[in-house]
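Every chain is numbered from 1 and lettered A, B, ... according to where its sequence line falls, protein lines coming before strand lines.
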2 protein chains.
Amino acid sequence: MTVVDTHAAVDSRRAWEVVLQHIEADLLAGRLVPGDHLPAERALSSELGVGRSSVREALRVLEVLGLIRTQTGSGPQSGAIIVARPSGGMSSLMRLQVAAQGFDVRDVVKTRLVLEAAVVTELAEASATALESAPLDLGDAVRLLDAMDADGQVSEAEFLTLDAAFHLALADLSGNTVIASMMAGLRNSIESYVLAGVPNLRSWAETSGRLRHEHRAIVAAIESGDAESARDVVNAHITGYYAETNFISTSE
Amino acid sequence: MTVVDTHAAVDSRRAWEVVLQHIEADLLAGRLVPGDHLPAERALSSELGVGRSSVREALRVLEVLGLIRTQTGSGPQSGAIIVARPSGGMSSLMRLQVAAQGFDVRDVVKTRLVLEAAVVTELAEASATALESAPLDLGDAVRLLDAMDADGQVSEAEFLTLDAAFHLALADLSGNTVIASMMAGLRNSIESYVLAGVPNLRSWAETSGRLRHEHRAIVAAIESGDAESARDVVNAHITGYYAETNFISTSE
DNA sequence: TCGTAAGCTGTGGTCAGACCACATGGCCTG
DNA sequence: CAGGCCATGTGGTCTGACCACAGCTTACGA
């Protein structure tokens, strides 16, 4: 007897693709939901008739894409567990594509602008229609702004981290997980460029002051339900910083 | 006393992460550019001091993310080659996140709406400022519309495929590769839902006729440089279809 | 001389088996 | 009854061995 079947149709998919598609099918059918454990690697291996290394290649992909979390040891927390956290995968994808020149940094910034405008528009409109009894709560975002106001106590890198967290908090508040994870990925992919641009600023104190002021203006516009104004401020906020740091070639 | 080594710095990264970060560093430094070959798996293995299986796990990730293409055999086309094609990775990521319930389908549609509006706005503005000598060329997109007009000759699935290609062509024409690959991923991740919604339509002939008409209206608005009108049509175009197919719960 | 066919070489693709570190949970001992 | 020990099962890794494949080299024959 041969090792491979000779009459049945040969599966031209690579072994790890078989594993990946098997798991995807289980997810689509609802047989696997967030929180569930995947079968053990050795079990999947024998169940699907592929080597354990092929199973591991598929699991590695799922891990990087943010679908599973793996843990060694034994017990309820060990093994591969479905988590479905998209932002990590989005960040890896965009960061690597920028590194490999698949994404132009200018397009990343432009896209961030589009999404950011959509987020504040959504929030402002939600705020305008919010009931008295359930007003829009921007608490998480405002707390980050307060942390940025500790003048002299916050380094440039820390400030920019808080800045990123603020914009991400707005995206989260909009309730759109797709946009939120995209924003996380976009920001993450150009983080090193943002930091590298700081020395190009005329005055950090001046710029950070302006950024702080603009952040407050964004919050105010959202809370007053003024979508158009929120969009304008956000637009100036982002393009201004990049222009000051010569982040983007001005030839555009 | 701790278990870990006290003199040498322990590399807590997993072996495959070492490989991934090594390649990412080479990309960032420009030592690897699109078209280049990666070292052979066995060479990377010994060079980085990890097992070949760990190298393969890293390469698998890069392949799924759309950074490399692998090919068996010998010669100039064999091996792993940097390609940096983001749309495949974006599609895998979004499709799996939707399957794993990390992305809500309604958010996917909303996000598509945001990006689509940005694309047509960009195109309309570009058209408005285009020189007589170099007018905006929507040829690729229009050809797809012509293909959709072969009444009775195009199946529902084919029509929807052409529809997707039309919107993707617009995104490509906008020149923003980030948005274009996002649109590809978004559309891809809900393709099965789009197809599944067709039977819910009152009349396919009626709906497809309306879609065709709206497509032409989008093109016309872009060519006339009317960004606002283009946005409105695109908005009605997309939300209309999803409403007709009960694709999205109306409770929202 | 030239063309063709054979085989050589190096590539990714896969598998099997062997360890390791680790975390749990039950068992055994005091 | 309490505490520590170890069996068990998990992912993480490495090694070595094949295979299929594609290009290149070589040798053979017309």
Exercise for the section: Whole angstrom is fine here: how far is it from CH2 in B:Trp16 over to P in D:dC14? Expected result: 14 Å

Practice task
Check every strand shown and say whether B:Gln71 touches a base, only sugar-phosphate, or nothing at a heavy-atom separation below 4.0 Å.
Solution key: sugar-phosphate

Exercise for the section: Could you check which of C:dC15, C:dG12, D:dG23 has an atom nearest any side-chain atom of B:Arg42? Expected result: C:dG12

Practice task
Between C:dT11, C:dT14, D:dT13, spot the one nearest the side chain of B:Arg14, thanks.
Solution key: D:dT13

Practice task
With heavy atoms under 4.0 Å as the rule, sort B:Gly73 into base, sugar-phosphate or nothing.
Solution key: base

Completion exercise
To the nearest angstrom, the CG-C1' distance between A:Leu44 and D:dG12 comes to 16 Å

Completion exercise
Within residues 45-68 of chain B, the residues having a heavy atom closer than 4.0 Å to DNA chain C are B:Arg52, B:Arg56, B:Arg60

Problem - Salt bridge A:Arg60-A:Glu63, side-chain N to carboxylate O under 4.0 Å - result: yes

Exercise for the section: Rounded off to whole Å, could you give me the CD-to-P distance for the A:Glu41 and C:dG17 pair? Expected result: 17 Å

Handout entry: A:Arg143/A:Asp140 ion pair, N-O < 4.0 Å
Key = yes

Exercise for the section: Indicate whether the side chain of A:Tyr242 and that of A:Arg112 have a donor and an acceptor atom separated by less than 3.5 Å. Expected result: yes

Practice task
Any chance you could measure B:Asn188, atom CG, to B:Met94, atom CE, to the nearest 0.5 Å?
Solution key: 10.0 Å

Practice task
Using a strict cut-off of less than 4.0 Å between a Lys/Arg side-chain nitrogen and an Asp/Glu carboxylate oxygen, indicate whether B:Arg95 and A:Glu24 qualify as a salt bridge.
Solution key: yes

Exercise for the section: Could you tell me the separation between the NE2 atom of B:His37 and the P atom of C:dG10, rounded to a whole number of Å? Expected result: 15 Å

Exercise for the section: Could you say whether A:Gly75 or B:Ala40 is positioned toward the 5' end of DNA chain C, judged by the nucleotide with the nearest heavy atom to each? Expected result: B:Ala40

Exercise for the section: Using atom types as modelled and distance alone, determine if a side-chain donor or acceptor of A:Glu57 lies under 3.5 Å from a backbone N or O of B:Val61. Expected result: no

